[in-house]
Amino acid sequence: MDYNFREIESKWQRAWKQTEAYRVSNDSGRPKYYVLDMFPYPSGSGLHVGHPLGYIASDIFARYKRLKGFEVLHPMGFDAFGLPAEQYALETGQHPAITTAENIRTFKAQLDRIGFSFDWSREVNTSDPSFYHWTQWIFLQLFDCWFNTASGKAERIQALCKIFEAEGNRNQPCPSGPGLSFGAKEWKQCSEKRRQEILMGYRLAYCGLGEVNWCEALGTVLANDEVINGLSERGGYPVVRKKLRQWYLRITAYADRLLEGLRSVNFSQAMKEMQTNWIGRSEGAEIRFPLRVTGGGPDREGLSLLVYTTRPDTIFGVDFMVIAPEHELASRLAAPGHEVSVKQYLDYVASRNERERMAEKAITGIDTGSVAINPFNGREVPVWISEYVLAGYGTGAIMGVPCGDERDHRFATHFGIPITNIIGSFYDGSKANPTNSAILEQSGFLDGMVMSAAVEVVIRELEKRGFGCRKVNYKMRDAAFSRQRYWGEPFPIVWEDGIARPLKESELPLKLPHVDQYRPGPEGEGPLANLESWTRLHLETNTMPGYAGSSWYFLRFMDPHDSKAFCSRKASDYWGQVDLYIGGTEHAVGHLLYSRMWTKFLFDLGYIGHDEPYRTLVNQGMIQGVSELAYRVIPGKYPLGDLIPPASGGDGEAPSHLPNPENVPVYFSADWLPEGKQDGFQLIHLPINMVANHVLDIPAHAAANPDACYITRSGYFSQGVWHSPEGGLPEFRTVPQVEKMSKSKYNVVNPDDIVDKYGADTFRLYEMFLGPIELSKPWDTQGIEGVHRFLKKLWRLCYSESGELPTKNGSPPPEALKILHKTIRKVGEDTEKLSFNTAVSQFMICVNELTAMSCRDPEVISSLLILLAPYAPHISEELWHALGNQGTILTAAYPDWEEKLLKEEHFLYPVAINGKTRTEMSFPADAEPGMIEKEVLAHPVVLKWLGEKKPKKVIIVPRRMVNVVL
RNA sequence: GCCCGGGUGGCGGAACUGGUAGACGCGCUGGACUCAAAAUCCAGUGGUAGCAAUACUGUAUCGGUUCGAUUCCGAUCCCGGGCACCA
């Protein structure tokens with residue numbers, strides 16, 4: 001009886017489906033465990049072997065935890081709104097709803113074949129009205145809240161109105177407009193419209209004017225994390241900065257808590273680092289420098305310049321000031337004689353786009369001719385304008401300290417500004433030294449102080465004398481939350497006379513209307529602006545970005561059919577945090593930050609009881625493709641005759657009837673390329689299904705390229721005919737290359753093909769066996785045989801060649817128990833550590849040993865099957881039943897099965913010599929000192945340690961230690 | 001440039017808290033079965049020397065701590081990832 005995986009796998013998949021084996025209950029009373037995958041965007045190209053890597057890992061862990069007696073939530077859903085579906089709709093005219101539904105069907109079918117234990121009754125789809133109903137609802141809560149910096153959490157806007165009525169905004173400065181200031185009386189006198197404008201500046205979801213990333217090709221704005229090096233993440237189109245009216249999420253309000261929260265979660269160091277960098281918190285001070293502008297008119301008097309610095313201790317080293325070209329004072333500071341040059345410079349900067357600025361970081365700038373006055377010593381320094389100062393960070397102006405800052409130093413040197421040295425020998429005159437441990441010189445009241453200590457002194461002095469104040473700054477900006485697109489959640493907002501009115505809860509969900517065409521609307525608006533039925537109601541025409549739904553979907557899984565709430569408090573209290581979250585690194589600063597913010601927000605309002613969504617995050621690596629490349633003659637580069645190698649055994653003459661490479665492709669085998677002539681070739685990708693062991697199947701390839709000619713070490717192939725002096729078929733060798741899987745490189749491996757050929761269990765085991773999940777590694781189809789062999793071996797352990805099952809025949813041999821118990825222990829530990837590759841290795845060792853000692857004890861094998869079930873569920877279940885066990889492994893296994901089995905464990909004893917631990921050795925638990933002595937003394941390492949000495953005795957001391965006493 | 005990771009056979013990768021380095025798998029070599037192939041099974045497989053037992057050597061490089069270092073410390077080189085005028 002053969003291992004017929006196709007039959008077994010479909011049989012059990014059907015059975016699990018019918019019995020709803022993986023249905024999860026919210027009130028089982030058992031301890032919970034929540035295992036989640038980052039849900040996929042259902043793209044049109046389906047899964048490749050890299051996708052399931054994380055899903056397999058999470059499935060193994062979920063199944064393992066279930067066996068351990070936990071109620072395990074392990075759901076799957078689809079992040080179905082987003083740009084690609086709409087781009088596709090623009091190209092083909094197919095409605096995104098239709099293509100998305102199709103893609104989801106394909107994905108589910110592919111996923112189901114791999115035998116995942118998802119509870120599909122909890123499937124969510126972010127584009128479904130029953131889901132985005134609650135996305136819109138949460139948005140309304142964000143809209144209805146502000147961040148109280150005093151309490152450090154979100155509160156209702158109502159409470160803010162009360163504060164305004166009582167005392168104006170003097171204790172609650174406006175985060176959107178720092179200059180805004182009003183008293184209680186003024187607030188009461190404000191018109192409704194003005195009040196709404198003011199409140200908008202406080203809301204956590206707000207509409208405001210700001211510099212946004214505008215992508216012309218995609219016709220929409222993008223969030224900062226969706227722009228990479230000035231190009232859009234999707235599609236790689238150019239992105240420009242533009243001032244537009246947009247919806248934003250006030251994520252900056254949560255900056256400190258997002259940082260703080262990182263301490264309590266179990267993310268990789270790299271992930272925490274990335275988020276920390278993105279948030280970019282820095283502590284320093286704002287300092288106000290009075291300005292003196294010559295030839296001033298009335299608008300030029302009493303001006304001052306506010307700068308932000310993290311190094312207030314260097315205040316006496318300020319040799320110049322620089323403001324960003326976009327700074328409001330930039331055009332007003334030109335002193336007589338400088339007007340033209342300043343104007344020219346500002347025009348020059350305006351003509352350069354983001355990309356150009358980033359590409360060449362030339363030192364540019366212009367002197368305004370005006371001066372700033374150092375408030376501490378009255379020293380006058382020139383004020384410059386330069387593009388190296390960013391308008392969007394801090395105050396858009398800096399104080400230049402060339403001896404301590406590299407950029408300032410370059411700037412000063414370039415423009416010949418004299419440099420003041422305040423750090424003595426720490427500054428060598430050629431390069432800035434950013435040290436903070438120097439002793440300050442030429443620094444007035446700071447002289448003789450260590451820089452790091454001077455920081456506090458200066459800040460206190462600044463505040464005392466009113467020159468400035470302590471200030472914390474962040475790199476992170478508020479997140480652009482609206483898209484000029486169709487395929488997203490509509491905003492539940494109506495515009496009345498420029499006032500944004502939220503819809504009532506009873507009016508949700510605001511359904512996305514059907515459209516037939518997806519052209520952008522007028523004036524940079526989205527397609528919804530083309531719909532008369534929509535604009536008539538003055539509904540917001542933007543839609544929400546792709547990350548809206550994914551910011552909270554993990555909560556919906558807990559209570560997916562609730563029609564009264566996004567998730568009941570009871571459900572979220574039970575499931576709590578996601579215990580294990582698996583997904584790629586690409587969401588480090590997007591999805592992960594947004595979802596963490598939404599969680600904190602919902603926590604503030606008391607809708608959920610935890611304020612970090614994920615307890616442990618694991619980033620799975622990529623599975624790369626192995627491309628197969630061939631050398632192809634670049635037409636016109638060489639006369640072909642020059643390139644024809646003498647076929648071995650031939651006379652070295654060029655075959656006379658070879659085709660002309662000007663017209664047809666000529667390929668060279670990698671092992672027969674004239675030395676030093678590779679530059680006459682280009683490497684092209686070959687379809688990997690026509691290559692085996694880096695040898696091209698020429699007839700197959702030629703079938704698609706009938707004119708092509710293939711030249712190898714021992715002959716060539718042209719026009720469907722072999723020319724081989726040796727006879728037989730010459731080998732055409734390819735060049736393997738590891739790179740990202742992509743259609744255009746013909747190196748995509750489809751999991752369906754692998755499952756067809758080897759079965760889901762083999763596929764699952766092999767993906768795990770490849771290496772640690774966090775690691776990126778190339779897919780190697782050859783290696784899969786070894787894992788498949790293991791399952792066949794296991795099968796044969798149960799079914800003999802004649803198809804007979806083993807029968808119980810006395811108690812199993814101690815050696816068999818020893819390896820079984822070692823496997824139980826090792827696999828348990830490895831699974832807990834998510835070290836699935838070493839666990840698979842241990843299974844192989846176990847089966848190898850059992851086979852070698854021909855132990856076919858049904859109990860031993862059944863125990864092994866329980867252990868294997870999370871990894872290879874189908875074969876485990878099948879053999880479990882064949883061996884006469886009842887129920888599914890899932891229902892039959894009991895939480896303490898491991899402990900019961902481990903009663904007979906062969907413990908690893910630490911071996912010590914004269915009390916000093918040396919190594920660990922394995923002995924049966926009931927081992928007698930006598931038998932231990934024999935084994936210990938036979939161990940080569942112990943022999944080496946002992947040398948010539950004879951031990952006095954070998955004793956077992958407490959804590960299961962073996963001690964050799966000399 | 002800055003900040004994180006990481007360098008182990010032909011390859012993917014093991015090695016718990018310092019304790020027989022190279023588990024497990026692939027590949028390769030030889031053998032058994034077979035008319036033959038496939039499948040399966042057995043043996044070998046870091047390097048050098050040797051018929052062999054064995055010896056020496058070996059975890060990027062150099063140095064240190066230790067009875068003992070892939071593991072800890074210092075310096076250098078290389079690779080991967082992230083950030084990149086954030087004052």
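Each chain gets a letter, A, B and so on, in the order the sequences are listed, and its residues count up from 1.
Looking at heavy-atom distances under 4.0 Å, A:Lys833 makes no contact with the nucleic acid at all. Backbone-only contact: A:Pro772 has heavy atoms under 4.0 Å from sugar-phosphate atoms and none from a base. A:Leu775 comes within 4.0 angstrom of sugar-phosphate atoms only, judged by non-hydrogen atoms across all strands, and of no base. In this structure, A:Asn837 reaches the sugar-phosphate backbone alone: every heavy-atom distance under 4.0 Å involves primed, P, OP1 or OP2 atoms, never a base. Nucleic acid contact for A:Asp408: none, since no nucleic acid atom lies under 4.0 Å from a heavy atom of the residue. A:Arg477 comes within 4.0 angstrom of a base, heavy atoms only. Using a 4.0 Å heavy-atom cutoff across all strands shown, A:Ser268 reaches no nucleic acid atom at all.
With ring centers used as reference points, A:Tyr3 lies 6.0 Å or more from A:Tyr799. A ring-centre distance under 6.0 Å is not found for A:Phe5 and A:Tyr758. Separation of the A:Phe763 and A:His788 ring centroids does not fall under the 6.0 Å cut-off.
Judged by distance alone, the side chain of A:Arg764 and the main-chain N or O of A:Pro870 form a donor-acceptor pair under 3.5 Å.
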**OP:** Verify side chain to side chain donor-acceptor pair (under 3.5 Å) between A:Ser282 and A:Asn473, making sure each step is shown before the conclusion.
**Re:** CA-CA 5 Å; A:Ser282 68; A:Asn473 254 317; 5.6 Å; no
Determine, step by step, whether A:Val383 and A:Leu291 satisfy the side-chain contact (heavy atoms from CB on, under 4.5 Å) criterion, reporting the C-alpha distance in whole Å, the side-chain angles of both residues, the deciding distance to 0.1 Å, and the verdict.
CA-CA 9 Å; A:Val383 179; A:Leu291 292 174; 3.8 Å; yes
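Distances shorter than 4.0 Å separate some side-chain N or O of A:Arg789 from OP1 or OP2 on B:U40. At the phosphate of B:G13, neither OP1 nor OP2 sits under 4.0 Å from any side-chain N or O atom of A:Lys777.
Nucleotides B:U59 and B:A53 are separated by 28 Å at their C1' atoms, to the nearest Å. Across the P atoms, B:A15 and B:G22 are found 13 Å apart, a figure rounded to whole Å.
Atom-to-atom, CD of A:Glu273 to P of B:C2 comes out at 15 Å; the value is rounded to the nearest Å. B:G81 atom C1' lies 15 Å from atom CD of A:Gln620, rounded to whole Å.
With its glycosidic angle within 90° of 0, B:G9 adopts the syn conformation.
Checking B:A23, B:G25, B:U40 against the side-chain heavy atoms of A:Ile845 singles out B:A23 as nearest. Distance from the side chain of A:Asn848 is smallest to B:C24 among B:A87, B:C24, B:A39.
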For RNA chain B, the dot-bracket notation using Watson-Crick and G-U wobble pairs below 3.5 Å, [ ] for pseudoknot-type crossings and | for other-strand pairs, is (((((((..(((......[....)))((((((.......))))))((((....))))..(((((..]....))))))))))))....
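Ring planes of A:Trp384 and A:Phe411: perpendicular class, angle over 60° (limits at 30 and 60°).
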